[in-house]
Trainee: 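Here it is, the structure in full.
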Amino acid sequence: MGDLSQLLQAASDFSHFPGAQSDDSAREFLSRFPLTLIINALQTKLDVPDLENTLVACLEKLFNTKLGASLIPQYMPFVQVGLQAESQAVRSLSCKTVSHLLENIDNDDKVAASACLIKDFNIYPLLLDCIIKGDEQVAAVATDAIKKLAGFPEGMEIIFPSGKVGETDLELIASQCSSLGRVRVLALVVKLFSVSRSAASTVYSLNILQLLEAELRNTDDTLVTLSVLELLYELAAIEHSTEFLSKTSLYQLLSSIISNNSVESILRSRAIMICGRLVPKDIIHSFTDEPCVKAVIASIDGRLQSLDPSDIDECETALESLGHIGSSTQGATYLLSGSSPAARHVINAAFERQGPQSHGKQLAALHALGNISGETRSKNNIILKAEAEENLRRLIYETAARSSKLTPSGLFLSVMQQDAEIRLAVYRMLSGLVARSWCLMEICSKDDIINRVTNPIIETTKIGMEARYNCCKAIYQTLTLSDSVSAFTDAYTKLEKAVKMGPYLVKSHGEPQPVVESAKRF
């Protein structure tokens, strides 16, 4: 093998080069040390310090170049052996090599050739074995390689063959491995689901989502259940997830976890957050029955009603979730429907003051009320159905009547006088509420509110200035289109001037003046 020290030194220099290596650098390196030589040195397991780590890092850099990736098909036996190696570093290298092979496919012929190589060398089952038996890093890179494979129709045929094969049947594999292995298999399912709508459809049609449902039904192992909820939270963020998740029993399972007082608080909180992420999607109402969505909201409502005052974190999570649900027109309508709307918790928490410990709760409620009132919706979708609008008005007036402020305008002013974080949420809330004529009258009738939203120096941060300006602009635009302009001419003038000034303009300062002082003598 020649002088091994020269190889190690050159490999170290190559792997530690900052940034990606070029094809020219890779070509020059391989002209001195052929790939076969490097692989043989790695496989001989010589007792040389840092030999394995140095050569693995070098090969990773090599295969990350176009030149190196083009050589991978010639060295698939090495990849196959590496996926079964005892060394986690070599396993990780082999998984990454598969990814590099798939990343450099630029035509249909290469797709077919790569798929053929992966079949011939039995790569997919070996990647699955790395997910289940490898360490955390190996499992992550193996999952990434399979996700890249799923990006091609030929790859999906390898992952989900027409006939179930034991060594690649995810359902069977999950049933036979440890709890950690099951969680990793479920993580792979989520990654495959995210690849495309077509891949998600395949996952759904093969009933693989029932693996998630099965784990949620068993809440005995808190760590496993929490891990599954984390995966479900990730799944809920996928654009096409609602279409398929709404056809499962996941909504009912989440509702049961939220309503279950015997499970850990962290599990309920995570289930509440998932519902908050899933329900707002307008597409959900095309696939999910209304009673199912209302049952989710009712479970959160019931939980808020039974919460102990000391459960502040869970309360904040529930209020944030209601805010997310209320960001859509239909979600806000659901929250404000019925004789005892779920939104009452949001409105009560937004205006109650119970000391510093409730700051986060009030902040979450104000932001939630901003969403429900329509701050995040388009102008045409801010106003809700008659029943929902009446309940919104009634709840705010009833809350004001129970307080020392007596009127909504008094409530608005009281929260506007709090810290910058609270004020930011109040600006958002008023930007949505002001679209209602009753709220416009409350705001414009209170000079202190108008003075605050038109004051360009009251906020000192960029986000605060923009929120104040957007609130001011929303009030101005609503007042301009209303029949009440003549009744509030002073307020209208202030608003108009503030809107023209923009969000960042501050009060003009006088010109600097020279100061004449007597000389200081020593």
Side-chain angles (χ1 to χ4, degrees), residues 236 242 246 251-252 254-255 258-259 268-269 271-286 288-307 314-352 361-378 380-400 408 411 425-426 428-436 438-439:
T242 305
S246 59
Y251 287 99
Q252 291 89 332
L254 290 171
S255 296
I258 295 169
S259 304
R268 286 195 300 269
S269 294
I272 289 170
M273 290 176 72
I274 294 167
C275 291
R277 178 170 274 194
L278 279 173
V279 175
K281 296 182 180 180
D282 289 328
I283 194 174
I284 190 175
H285 309 298
S286 305
T288 310
D289 293 335
E290 183 177 319
C292 181
V293 179
K294 287 187 174 180
V296 170
I297 294 173
S299 64
I300 300 175
D301 181 4
R303 187 60 199 158
L304 278 169
Q305 200 162 349
S306 62
L307 272 177
E314 192 174 340
C315 182
E316 286 181 25
T317 301
L319 291 171
E320 287 176 12
S321 182
L322 291 181
H324 288 307
I325 292 172
S327 62
S328 71
T329 305
Q330 193 62 50
T333 302
Y334 287 148
L335 292 177
L336 288 164
S337 298
S339 57
S340 184
R344 72 189 186 280
H345 299 291
V346 174
I347 294 170
N348 289 339
F351 299 110
E352 68 178 9
K361 177 181 172 182
Q362 184 180 31
L363 184 63
L366 286 167
H367 278 296
L369 185 52
N371 287 351
I372 294 169
S373 63
E375 191 268 343
T376 57
R377 299 194 292 271
S378 63
N380 295 334
N381 292 318
I382 292 179
I383 302 299
L384 307 171
K385 292 180 180 178
E387 181 196 8
E389 285 295 330
E390 175 55 29
N391 280 333
L392 176 62
R393 189 194 67 80
R394 176 179 59 82
L395 288 170
I396 290 179
Y397 272 95
E398 286 178 354
T399 302
L411 286 181
V426 174
R428 290 191 63 243
M429 175 192 71
L430 294 181
S431 296
L433 284 176
V434 76
R436 286 88 182 165
W438 60 265
C439 184

Trainee: Show me the pairs that pass salt bridge (charged side-chain N to carboxylate O under 4.0 Å, His left out) and involve residues 325-334, at least two apart or across chains.
Mentor: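 Matches after skipping sequence neighbours: none remain.
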
Trainee: Please identify each residue that fulfils salt bridge (charged side-chain N to carboxylate O under 4.0 Å, His left out) with R377, with sequence neighbours left out.
Mentor: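 Expected list: none.
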
Trainee: If the condition is side chain to side chain contact (heavy atoms under 4.5 Å, CB included), which residues does A318 pass it with, not counting sequence neighbours?
Mentor: I272, I300, L304

Trainee: Name all pairs fulfilling the salt bridge (charged side-chain N to carboxylate O under 4.0 Å, His left out) condition that reach into residues 332-351, sequence neighbours left out, sorted by first residue then second.
Mentor: D301-R344

Trainee: For E387, check salt bridge (charged side-chain N to carboxylate O under 4.0 Å, His left out) against everything at least two apart and list the hits.
Mentor: none

Trainee: With sequence neighbours excluded, tell me which residues meet side-chain hydrogen bond (donor to acceptor under 3.5 Å, both in side chains) with R436.
Mentor: E389

Trainee: Apply side-chain contact (heavy atoms from CB on, under 4.5 Å) to M273 and H324, showing your working.
Mentor: CA-CA 9 Å; M273 290 176 72; H324 288 307; over 6 Å; no

Trainee: How close do S431 and V434 get, counting heavy atoms only, and between which atoms?
Mentor: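 Where S431 meets V434 most closely, the heavy atoms are O-CG1, 3.6 Å.
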
Trainee: Quick one: side chain to side chain contact (heavy atoms under 4.5 Å, CB included) partners of E320, sequence neighbours excluded?
Mentor: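 Side chain to side chain contact (heavy atoms under 4.5 Å, CB included) list for E320, sorted by chain: A364.
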
Trainee: With rounding to the nearest 0.5 angstrom, report the OG to CG distance, S327 to L322.
Mentor: 11.5 Å

Trainee: How long is the span from the CG atom in L307 to the OG1 atom in T317, to the nearest 0.5 Å?
Mentor: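 Rounded to the nearest 0.5 Å, the CG-OG1 separation comes out at 10.0 Å.
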
Trainee: Residues two or more places apart in sequence or in another chain: which of them pass side chain to side chain contact (heavy atoms under 4.5 Å, CB included) with P408?
Mentor: I396, Y397, A400, F412, E442

Trainee: Considering non-hydrogen atoms only, spot the tightest contact between I383 and A435 and give its length.
Mentor: CD1-O, 4.0 Å

Trainee: What pair of heavy atoms forms the shortest contact from P341 to L335, and how long is it?
Mentor: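 What the structure gives for the nearest pair is CB-O, 3.2 Å.
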
Trainee: Quick check for you: to the nearest 0.5 Å, what is the distance between S299 atom OG and R268 atom CZ?
Mentor: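 If I round to the nearest 0.5 Å, the distance is 11.5 Å.
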
Trainee: For the CD1 atom of I347 and the CG atom of L366, what is their distance to the nearest 0.5 Å?
Mentor: 11.0 Å

Trainee: If you take all heavy atoms of L384 and A332, which pair is closest and at what distance?
Mentor: CD1-CB, 3.8 Å

Trainee: Rounded at 0.5 Å granularity, tell me how far CD in Q362 sits from CD in E352.
Mentor: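 With rounding to 0.5 Å, CD (Q362) is 8.0 Å from CD (E352).
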
Trainee: Please report the C-alpha distance between R428 and H367 in whole Å, then the side-chain angles of each, then the deciding distance to 0.1 Å, and finally whether the side chain to side chain donor-acceptor pair (under 3.5 Å) criterion is met.
Mentor: CA-CA 7 Å; R428 290 191 63 243; H367 278 296; 2.9 Å; yes

Trainee: Return the set of residues passing side-chain hydrogen bond (donor to acceptor under 3.5 Å, both in side chains) with Q252 (not counting sequence neighbours), or none when no residue passes.
Mentor: none

Trainee: How long is the gap from NE2 on H345 to SG on C315, to the nearest 0.5 Å?
Mentor: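 SG of C315 is found 9.0 Å from NE2 of H345.
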
Trainee: side-chain hydrogen bond (donor to acceptor under 3.5 Å, both in side chains) with S306: which residues, sequence neighbours excluded?
Mentor: none

Trainee: Answer yes or no: is there a side-chain heavy-atom contact under 4.5 Å between L254 and V296?
Mentor: no

Trainee: Looking at residues at least two apart in the chain, or sitting in another chain, which of them share a side chain to side chain contact (heavy atoms under 4.5 Å, CB included) with A298?
Mentor: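 Testing A298 for side chain to side chain contact (heavy atoms under 4.5 Å, CB included), a comparison that skips the adjacent residues, returns none.
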
Trainee: Are S321 and I325 close enough that some pair of their side-chain heavy atoms sits under 4.5 Å apart?
Mentor: yes

Trainee: For E390, is there an ion pair with R394 - N to carboxylate O distance below 4.0 angstrom?
Mentor: no

Trainee: Would you confirm whether N381, through its side chain, and T329, through its main-chain N or O, come within 3.5 Å as a donor-acceptor pair?
Mentor: no

Trainee: If you look at every heavy atom in A343 and L395, which pair is closest and at what distance?
Mentor: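 Residues A343 and L395, closest heavy atoms: C-CD1, 4.4 Å.
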
Trainee: Sequence neighbours excluded, which residues qualify as side-chain hydrogen bond (donor to acceptor under 3.5 Å, both in side chains) partners of R303?
Mentor: N261, E314

Trainee: Kindly determine whether L369 and L392 satisfy side-chain contact (heavy atoms from CB on, under 4.5 Å), including the steps that lead there.
Mentor: CA-CA 10 Å; L369 185 52; L392 176 62; 4.2 Å; yes

Trainee: Specify the closest pair of heavy atoms between L319 and A365, including all atoms of both residues, with the distance to one decimal.
Mentor: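 For L319 and A365, the tightest heavy-atom pair comes out as CD1-CB, 4.1 Å.
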
